[in-house]
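A short write-up of the structure that comes next.
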Amino acid sequence: MEEVEQSRKWMVLVATTWLQAFTGTNFDFSSYSSELKSQLGISQLQLNYLSVASDLGKAFGWCSGVFLMYFPLWAVMFMAAFFGLFGYGLQWLLIQRLISLPYFLVFLLCLLAGCSICWFNTVCFVLCIRNFPSNRALALSLTISFNGLTAAIYTLVANAINYDDDTLYLLLNALVPLFTSGVALIPVLRQPQPPPSQNHPHPETTRRDSRIFLCLNMIAVVTGLYILLLNPLSNLLSRARILLAGAIFLLASPMVLPGTVYAREWTFRFITSARLGLSLNGSSFNLVDPDNLQLQKELLGGEPRTDLDHLLLLPVGDGDVQGAGFMCRETCCPIMEKDLLTVLGEEHPAGVLVRRLDFWLYYLAYFCGGTIGLVYSNNLGQISQSLGFSGKTSGMVTLYSSCSFFGRLLSAAPDYLRDKVYFARTGWLALALVPTPMAFYLLSTSSSLSALRACTALIGLSSGFVFSAAVSITSELFGPNSVGVNHNILITNIPLGSVLYGLLAALVYDSNAGEDAHATVCMGKSCYFITFMAWACISTVGLICSMLLFLRTKPVYDRFERNRVMAESP
């Protein structure tokens, strides 16, 4: 019976990956943005406001948490699906000229669609945290990574239907999440009840789950490489359908792995119990109770239980604080000595959170790093068009989406490598932000197709890592129980950055497009040169803030790791 319950939680994880893979609909905006701009007869500035509206939906992410207090999880999931159905569906009817709507209502439809994305994310976060309390970082990084594949998958689906129709993306954005919610409904309804000891799982259970996660990450890498490398071959209808079938097979393949592992363990225990039963007086009856057998195995050869949860709340010793202060004095950086964190995992209410220097360094690192990558993806359509590569837009969107997927997947590296190469998670964040300013500086100096592809890949990797790692970092720095509220406060930088960075790009674009910006498309390197230089400088600020955050939090992370190793040592 235990194996059945455990298999159900893995089915929930698979359903969560499906939801994430098919509901990151904001990533394919560039695929149809040029068509939308042309059909509506709007300027680049007005088009930017529509992409901002989608990002503004994240400002209402807290509403999904409130609804979860009064409605079951499946109901909130379908609310998100219907938000997308109306938000994208009416836009598709508008672009097909079947209905007519004023610009303001189109803006509200984009806002509604943005709410849909955020609500789906909340549902997925809750599913991971409920079913994998001891491995929530691994579950979150794996499932969130598939959100980065949405644009690439939708490109494959669109090519399998009609390669030349960019408006298909809006129709797919409306229908596919609703269909996926229906498929995921049964696993969500049948998710196992959390056991009373979920906060103190047996070490063997945690290790077994970690091995399964490692295998699932390998399958995810194969899926990402398949979509990234073979997507360019989908320009023919027959090939696109074959490739789509292969992608669906890879997305469904994780269903087999957990069931196989638990079936193998059940068979092993059954055979062992039968042998022990037969060995007593030659009886054919099983005289060994499974629970007693498990207890016997633990007493004879099992490893002792260790409880690491309390380590989150261990303060940094005086020596660590003094060491941090010495380091700050040596580096002549007074900002490093103010209000240092002494505890990992301490709960920070919203009022306390906004008064912490660490939070604002973290906010700026996200704002100037991950968010600027998202704005870049929203402008990929116009960037490719202005450089004379309009036919490569879908390929660029696929490249960004796939690299964002791998960046999100890499955010699990700290958890897999901690026993061999330990590095504070805030340090990994700083390393992940290094490629972004490099990419923008390169884009400002070169307008070749190879440079555009390389920079798009680097920005996708960097921003994907930030998006996925942010949930775990927020939990570690400011408390796991407050992560729902605190993370929603953090991601308010996404709509803010979408407004500011997008406005800058739109104003530069329109100023170089000519006097009649409503009818003229800007062509040439000058359309985005100033924008790329400004984004390079901004992302450099984000990198500096992430490095300061790492230096400030390194002592408390080091202290936590030492205590963890001591607790696990025999």
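Please read all numbers here as calculations on a predicted model, not as lab measurements.
- Nearest heavy atom pair, residue Leu50 against residue Cys110, reads O-CB, 3.6 Å.
- Note: Tyr376 and Tyr400 have tilted aromatic rings, judged against thresholds of 30 and 60 degrees for the angle between ring planes.
- In this pair, Tyr501 and Trp535 present their aromatic rings perpendicular. The plane angle is above 60°, beyond the 30 to 60° band.
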Can Gln191 and Arg130 be said to form a side chain to side chain contact (heavy atoms under 4.5 Å, CB included), step by step? CA-CA 9 Å; Gln191 61 178 311; Arg130 281 185 184 177; 4.1 Å; yes
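- For the pair Ala139 and Leu13, the tightest heavy-atom approach, listed with the atom from each and the gap, is CB-CD1, 4.1 Å.
- The shortest non-hydrogen separation linking Leu172 to Ala158 is CD1-N, 4.0 Å.
- To the nearest 0.5 Å, atoms CE (Met396) and OG (Ser384) are separated by 5.5 Å.
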Using residues 70-90 as the side-chain source, report each donor-acceptor pair under 3.5 Å to any protein atom, sequence neighbours left out, with the distance given to one decimal.
| unit_1 | atom_1 | unit_2 | atom_2 | d |
| --- | --- | --- | --- | --- |
| Tyr88 | OH | Thr25 | OG1 | 2.9 |

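- The shortest distance between side-chain heavy atoms of Ser54 and Ile117 falls below 4.5 Å.
- Of all heavy-atom pairs spanning Ala151 and Val397, the tightest one is CB-CG1, 3.6 Å.
- Ile212 CD1 to Asn217 CG: the interatomic distance, rounded to the nearest 0.5 Å, is 12.5 Å.
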Without placing hydrogens or testing angles, list every side-chain donor-acceptor pair under 3.5 Å for residues 174-181, not counting sequence neighbours.
| unit_1 | atom_1 | unit_2 | atom_2 | d |
| --- | --- | --- | --- | --- |
| Thr180 | OG1 | Val176 | O | 2.8 |
| Ser181 | OG | Pro177 | O | 2.8 |

Given Ile153 and Leu251, is the side chain to side chain contact (heavy atoms under 4.5 Å, CB included) satisfied, shown in steps? CA-CA 11 Å; Ile153 294 174; Leu251 288 171; 4.1 Å; yes
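- Side-chain contact between Leu170 and Gln96 is absent, with no heavy-atom pair separated by less than 4.5 Å.
- The distance between the ring centers of Tyr154 and Tyr169 does not fall below 6.0 angstrom.
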For side chain to side chain contact (heavy atoms under 4.5 Å, CB included), just list the numbers for Tyr32 and Thr167, CA-CA rounded to whole Å, side-chain angles, deciding distance to a tenth of an Å, and then say yes or no. CA-CA 6 Å; Tyr32 61 86; Thr167 63; over 6 Å; no
The test is side chain to side chain donor-acceptor pair (under 3.5 Å); show your working for Asn493 and Thr371 and say whether it passes. CA-CA 7 Å; Asn493 73 78; Thr371 298; 2.4 Å; yes
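- The only member of Cys455, Ser539, Cys537 that meets side chain to side chain contact (heavy atoms under 4.5 Å, CB included) when paired with Tyr441 is Cys537.
- Annotation: side chain of Leu19 is not in contact with side chain of Phe146 (no heavy-atom distance under 4.5 Å).
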Show, in sequence, the C-alpha distance, side-chain angles and deciding distance for Trp428 and Leu410, and conclude whether the side chain to side chain contact (heavy atoms under 4.5 Å, CB included) test is met. CA-CA 10 Å; Trp428 287 98; Leu410 282 172; over 6 Å; no
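- For CD1 of Ile186, the number of neighbouring non-hydrogen atoms (other residues, nucleotides, ligands) closer than 6.0 Å is 12 at most.
- How far CG of Leu409 is from CZ of Phe406: 7.5 Å, rounded to the nearest 0.5 Å.
- For Tyr103, the OH atom counts as densely surrounded, since its 6.0 Å shell holds more than 12 non-hydrogen atoms of other residues, nucleotides or ligands.
- The line from SG of Cys124 to CG of Asn147 is 8.0 Å long, rounded to the nearest 0.5 Å.
- The SG atoms of Cys545 and Cys368 lie 2.5 Å or more from each other.
- The six-membered or imidazole ring of Trp360 lies away from that of Phe367, with a centre-to-centre distance of 6.0 Å or more.
- Contact of the Phe120 side chain with the Phe22 side chain is not registered, since no non-hydrogen atoms from C-beta on lie closer than 4.5 Å.
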Hey, mind stepping through Ser462 and Thr436 against side chain to side chain donor-acceptor pair (under 3.5 Å) and telling me if it holds? CA-CA 6 Å; Ser462 179; Thr436 302; 2.8 Å; yes
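- Here the closest heavy-atom approach between residue Ile219 and residue Ser253 is recorded as CG2-OG, 3.5 Å.
- Shown here is Ile530, whose CD1 atom has no more than 12 heavy atoms of other residues, nucleotides or ligands within 6.0 Å.
- Arg97 has its side chain within reach of Gln39: a pair of non-hydrogen atoms, C-beta onward, lies under 4.5 Å apart.
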Step by step, work out the side chain to side chain donor-acceptor pair (under 3.5 Å) result for Tyr363 and Thr492. CA-CA 9 Å; Tyr363 191 94; Thr492 56; 3.1 Å; yes
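- With contacts defined as side-chain heavy-atom distances shorter than 4.5 Å, the pair Arg241/Leu237 qualifies.
- To the nearest 0.5 Å, atom CG of residue Leu142 and atom CZ of residue Arg408 are 12.5 Å apart.
- Between Thr150 and Gln20 the shortest heavy-atom distance is OG1-O, 3.3 Å.
- Note that the CD1 atom of Ile95 and the NZ atom of Lys37 stand 13.5 Å from one another [nearest 0.5 Å].
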